[in-house]
Number of protein chains: 2
Amino acid sequence: MTSPPQTASRTDGAEARQKILLCALKLFAEKGYAKTSVRQIAQAAQVNVSAISYYFTDKAGLYRTVFSWPSLVARPCEYGFTAPELPLEAALQQFYMEFFQPLKMGEAVQDVMKLRYREMLEPTGIWEEEIENEIKPHHAAMTELICRHLDAREADDAIQSLVLACIGMAVHLFMGQNIIRTMTPQLLKDHAALDRMAARYGRYASAMVLDEKIRRTGIQETSA
Amino acid sequence: MTSPPQTASRTDGAEARQKILLCALKLFAEKGYAKTSVRQIAQAAQVNVSAISYYFTDKAGLYRTVFSWPSLVARPCEYGFTAPELPLEAALQQFYMEFFQPLKMGEAVQDVMKLRYREMLEPTGIWEEEIENEIKPHHAAMTELICRHLDAREADDAIQSLVLACIGMAVHLFMGQNIIRTMTPQLLKDHAALDRMAARYGRYASAMVLDEKIRRTGIQETSA
DNA sequence: TTATTGATCAAACGTTTGTTTGATGTATGA
DNA sequence: TCATACATCAAACAAACGTTTGATCAATAA
C-alpha cells in the first residue's frame with residue numbers, strides 16, 4: 001500500500017525543491033544550461049547534489065521544470081492590446097506595456113523570460129515545442145492588429161516587415177537589458193521609466209504603421 | 001592513385017589551422033562555446049585533437065582567435081550612413097543596408113556576427129573589451145545622426161529611446177534569423193529581399209524620427 | 001648521409017561532468 | 001513500541017571534458 005501520503009505538514013521537502021528551482025533558474029538564466037553544473041546549483045541551493053536527481057530525475061528535467069514554471073510563465077490577461085475598440089497608438093502602447101511587464105516584476109520572472117529568449121539563439125529541444133506556442137501567437141496578434149488598422153485582409157511582405165519591426169524593438173529591449181543598463185541606465189531605471197519607454201515605443205510603432213498606411217493609400221490612388 | 005604533387009602527402013600546416021578555425025567558428029556559432037567540445041571541432045576539421053592545443057594553445061585561445069578573425073571582422077567602409085549630405089531616410093536606409101550586409105556574405109561572416117551577438121547574452125570575458133568598441137560607436141553614430149536631424153545638441157531620453165528602437169529593429173532581425181526564416185522565409189530569401197527589408201526599415205525609422213520631430217516642434221511652440 | 005624541425009597521431013593524463021548508490025536520520029501511522 | 005516512508009548525505013560511478021605526452025613521419029639543411 002504505497003498510496004501517496006499527505007506530507008503537507010512536512011515543510012522540508014518542498015522547501016528544498018523550491019530552493020533548487022530558484023537557484024537553478026538564476027544560474028541557467030545567468031550562464032546558460034551547459035555552463036551551469038548541477039553541483040553549482042546544489043551548492044547555491046545549499047542542498048546535496050543528489051537532491052537534484054531526487055526531485056527532478058536529472059539535469060534536463062530540472063531545466064524543463066524551470067523553463068515552464070507555471071506560476072512564473074502564466075500570464076493571465078495577455079493580448080489585451082488586440083481589443084478592437086482601442087485606437088492604434090493606444091493599442092501599440094499597451095502591447096509594449098504588456099511586453100515590458102516582466103521587467104517590472106521580480107528577478108525570477110525576468111530570468112524565466114531570459115531563459116526563453118536564450119532558446120532563440122540555441123534552438124535545442126524545448127524550443128520547437130514551447131516557443132512555437134508563444135512567439136507565433138504574439139506574432140499573429142500583432143499581425144491582426146496591424147492588418148485591421150491598414151484595412152488589409154491579408155498580411156503581405158510589407159505588413160510582415162512592419163510586424164517584425166514592432167516586435168523586434170520590444171525583443172531587443174528585453175534581450176539587450178544588460179547593454180542598455182550600461183549605456184543608458186536611466187531608460188530602464190524604474191517602473192515609471194519603463195512606462196515612458198512603452199509609451200514612446202507605442203508612438204514610434206504607431207508612426208511606422210501610419211507611414212505605411214499613407215504609402216498604401218497613395219499607391220492605391222495612383223494605381224487606380 | 002593519382003601522382004601526388006610535391007607537398008601532397010605532407011600538408012602545409014596552415015591548411016589544418018584554417019580548417020580548424022572554420023569548423024570551430026561554425027560550431028561555436030551554432031551551439032555556443034560550452035556545448036562545443038574540442039573533439040567535435042577536431043572531428044569536423046578532420047585533424048587530431050591535439051592539433052588544437054598545438055595551434056591555439058587551448059580551447060579558449062581558439063575561441064579568441066575565431067572571435068576576432070581579422071579578415072571576417074574587418075569591415076572597411078562602415079558608418080557611411082552618417083555622411084552629412086544624406087537626407088534622413090536615405091541615411092537610415094543605408095544604415096540598415098550596412099547592418100544587413102553580413103547576411104549577404106558567406107556563412108563564415110554571419111557566424112562571426114552570431115558569435116558576437118551571442119556574447120551579449122552571456123557576457124563573459126571578451127565581451128567587455130571587444131563589444132564595447134563595436135556597439136558604442138554604432139550607437140554613437142546613430143545618436144549623432146538623429147540628433148542632427150532633430151536639431152538637438154544633446155541626446156535626451158527620448159532621443160536615446162529612438163536610437164535604441166532604430167538599432168533594436170536591426171539587431172532583432174539579425175539575432176532572430178532562425179525564427180524569421182521559419183515564420184516568414186520570403187523576407188530574408190535573397191539579396192534583393194534583404195535590400196527591400198533595409199529600405200522598409202529605413203522608411204519606418206525615418207517615420208519614427210519625423211514623428212519625434214513633429215512632437216518636439218509642437219512642444220517648443222506651445223512652451224515658447 | 002645524418003641531424004633537425006615541424007606536423008600529425010594514438011594514447012593517456014587528471015578533472016569535471018551528471019548520475020547512482022547505500023547508509024543515516026527523522027517524522028508519521030499503526 | 002516498531003515499521004514504514006521520506007529527506008538528506010558522503011561517497012563512488014562511468015563518461016566526457018580539455019590537455020599533455022612521446023613517438024612517428026616527411027621534409028629541409030648541413
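Every chain is numbered from 1 and lettered A, B, ... according to where its sequence line falls, protein lines coming before strand lines.
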Between B/K114 and B/Q177, do the side chains contain an N or O donor and an N or O acceptor separated by less than 3.5 Å? no
Rounded to whole Å, CD of A/Q18 lies from C1' of D/dA7 at a distance of 17 Å
Measure the distance from CG on B/D58 to P on D/dC17 and round it to the nearest whole Å. 17 Å
d(NZ, B/K59; P, D/dA16) in whole Å: 15 Å
When you measure from the side chain of A/V47, which nucleotide among D/dT19, D/dC9, C/dT17 comes out closest? D/dC9
Establish, with yes or no, whether the OP1 or OP2 oxygen of C/dC9 is under 4.0 angstrom from a side-chain nitrogen or oxygen of B/S50. no
With respect to the side chain of B/S53, which nucleotide from D/dT20, C/dG18, D/dC17 is positioned closest? D/dT20
Under-3.5 Å donor-acceptor pair between B/N48 side chain and C/dA10 base: yes
Note: A/K104-A/D195 ion pair, threshold 4.0 Å (strictly below): yes
Taking only Lys NZ, Arg NE, NH1 and NH2, and the carboxylate oxygens of Asp or Glu, determine whether A/E144 and A/R148 approach each other closer than 4.0 Å. yes
Answer yes when A/K26 and A/E30 have at least one side-chain N-carboxylate O distance shorter than 4.0 Å, and no when they do not. no
B/V38 has a side chain; which of C/dT19, D/dC17, D/dT19 sits nearest to it? D/dT19
D/dT20 C1' sits how many Å from B/F56 CZ, rounded? 18 Å
Between P of C/dT17 and NZ of A/K31, the distance in whole Å: 9 Å
Nearest-Å distance for atom pair CD1/P, residues B/I20 and D/dT19: 13 Å
Rounded to whole Å, the CZ-C1' distance (B/R39 to C/dT15) equals 12 Å
Roughly, in whole Å, what's the span from NZ in A/K35 to C1' in D/dC17? 15 Å
Among C/dG18, D/dG18, C/dT8, find the nucleotide with the atom closest to the side chain of B/Y55. C/dT8
OP1 or OP2 of C/dA7 sitting under 4.0 Å from any side-chain N/O of B/Y54? yes
